[in-house]
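Here's the structure, in structure tokens; my notes come after.
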Amino acid sequence: MKSIALSILSILLCIMAASCGGESELTTSIAPSDFSKETEEALEIFDDELQYYDIVYDDTVKSRSIAVSIYSDGEWVEVGKSYGNVDESSERIAIQLAGDSFELYRIEKDGHEKSGYPSLGSGIESATAFGSTRIDEYTELTIGEETPIWVKLGNDGSSMAEITLDGDFREYECDYGIAVTITVSDVSVE
């Protein structure tokens, strides 16, 4: 009797394990990359101008775009975009925002791909007060929803409001701004 119960239990465990194996456990997300202590120390040379991110894609994501926008003449304007189909379940990127320039590095096994703008024309360098925030923890991404990665704002006053990534960055009062966002899609790009 015990051997029959044990056999049935074994079969049930195998069925449960097999049924769990087919489900995807990936959640589409972005998070700052983790590096060794030595690498972190070497990256400190770049201060707050360079940030690495790991992006994970679930099976529903077919493409992604990373856009850079500036605040110009009272409105936000997209000035550049890197987009493409998602071929892997993850990727590492690096973003550099230094002064009025933007660079995006897509880091691959055999090197990197770079795109950038040496001068965005935001005028942020002439601001007298600055504020900046960027993703600094694991953040889930939603299909079709623009998620800010890094936002830098400035104004001609003596202070700048504290900036958070909660809500819409376009609602902050500012005279100058740069924003980098990511949007994932369930549709492939042609």
Side-chain angles (χ1 to χ4, degrees), residues 29-35 38-55 63-84 91-108 111-142 144-185 189:
S29 62
I30 185 170
S33 301
D34 286 327
F35 294 111
E38 294 81 14
T39 303
E40 289 285 344
E41 289 172 358
L43 290 174
E44 285 179 11
I45 296 169
F46 297 102
D47 271 336
D48 289 336
E49 296 177 347
L50 180 65
Q51 181 65 47
Y52 288 84
Y53 291 100
D54 293 322
I55 306 171
S63 63
R64 67 103 175 112
S65 67
I66 297 176
V68 61
S69 301
I70 63 169
Y71 187 74
S72 176
D73 297 326
E75 65 181 342
W76 283 94
V77 179
E78 185 178 293
V79 293
K81 183 184 287 188
S82 169
Y83 61 93
E91 73 175 318
R92 176 168 282 169
I93 62 169
I95 296 173
Q96 186 170 21
L97 280 180
D100 192 46
S101 69
F102 164 76
E103 291 181 345
L104 170 67
Y105 299 87
R106 184 168 182 246
I107 300 159
E108 300 168 345
H112 67 277
E113 178 183 297
K114 175 184 171 185
S115 57
Y117 299 88
S119 179
L120 294 169
S122 71
I124 200 161
E125 293 175 313
S126 63
T128 56
F130 296 92
S132 179
T133 191
R134 62 181 176 219
I135 290 178
D136 60 0
E137 62 186 8
Y138 171 90
T139 303
E140 288 189 17
L141 301 174
T142 303
E145 186 176 301
E146 178 186 52
T147 302
I149 300 174
W150 198 339
V151 178
K152 289 174 76 171
L153 303 176
N155 66 36
D156 293 327
S158 60
S159 66
M160 185 75 217
E162 181 181 347
I163 304 167
T164 68
L165 295 179
D166 300 332
D168 188 355
F169 64 89
R170 293 171 181 86
E171 300 298 319
Y172 284 99
E173 289 188 32
C174 63
D175 297 311
Y176 314 97
I178 301 172
V180 180
T181 60
I182 184 169
T183 305
V184 292
S185 174
V189 292

Exceeds 12 heavy-atom contacts within 6.0 angstrom, atom [atom1] of [X]:
X	atom1	result
Y138	OH	yes
E162	CD	no
E40	CD	yes

(request) Test F102 against I178 for side-chain contact (heavy atoms from CB on, under 4.5 Å), laying out the working first. (result) CA-CA 9 Å; F102 164 76; I178 301 172; 5.7 Å; no
(request) Examine distances only and state if a side-chain atom of Y53 and a backbone atom of I135 form a donor-acceptor pair shorter than 3.5 Å. (result)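 Yes, the answer is positive, given that a donor and an acceptor are paired below the 3.5 Å cut-off.
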(request) Look at the side chain of T183 and the backbone N and O of G144, then say whether any donor-acceptor pair between them is shorter than 3.5 Å. (result) no
On a heavy-atom basis, which atom in [X] and which in [Y] lie closest, and how many Å separate them?
X	Y	answer
S101	P118	CB-O, 3.2 Å
S132	I163	N-CD1, 3.6 Å
C174	G154	CB-O, 3.5 Å
Y172	L153	CB-CD1, 3.5 Å
E125	F130	O-CZ, 4.5 Å
E137	P32	N-CD, 3.7 Å

Can you tell me how far the [atom1] atom of [X] sits from the [atom2] atom of [Y], to the nearest 0.5 Å?
X	Y	atom1	atom2	answer
I55	L141	CD1	CG	7.0 Å
S29	E140	OG	CD	7.0 Å
I149	I182	CD1	CD1	5.0 Å

Is there a side-chain contact between [X] and [Y], using heavy atoms and a 4.5 Å cut-off?
X	Y	value
T133	T164	no
I95	W150	yes
E49	L97	no
D156	Y176	yes
I107	I93	no

(message) Run the side-chain hydrogen bond (donor to acceptor under 3.5 Å, both in side chains) test against D100 and tell me which residues pass, sequence neighbours left out.
(response)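 Here the qualifying residues are S119, S122.
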(message) Please identify which of these residues, Q96, E103, R106, meets the side chain to side chain contact (heavy atoms under 4.5 Å, CB included) condition with K114.
(response) E103
(request) Output all residues satisfying side chain to side chain contact (heavy atoms under 4.5 Å, CB included) with S33, sequence neighbours left out; order by chain, then residue number. (result) F35, Y52, D54, R92
(request) Using the six-membered ring wherever Trp is involved, compare the ring planes of F169 and W76 and label them parallel, tilted or perpendicular (cut-offs 30° and 60°). (result) perpendicular
(request) Begin from the C-alpha positions of T181 and E146 and carry the test side chain to side chain donor-acceptor pair (under 3.5 Å) through to its verdict. (result) CA-CA 6 Å; T181 60; E146 178 186 52; 3.2 Å; yes
(request) Show your working on side-chain contact (heavy atoms from CB on, under 4.5 Å) between I66 and L104 and close with a plain yes or no. (result) CA-CA 9 Å; I66 297 176; L104 170 67; 4.1 Å; yes
(request) Tell me, please, which residues at least two apart from D168 pass salt bridge (Lys or Arg N to Asp or Glu O under 4.0 Å). (result) R170
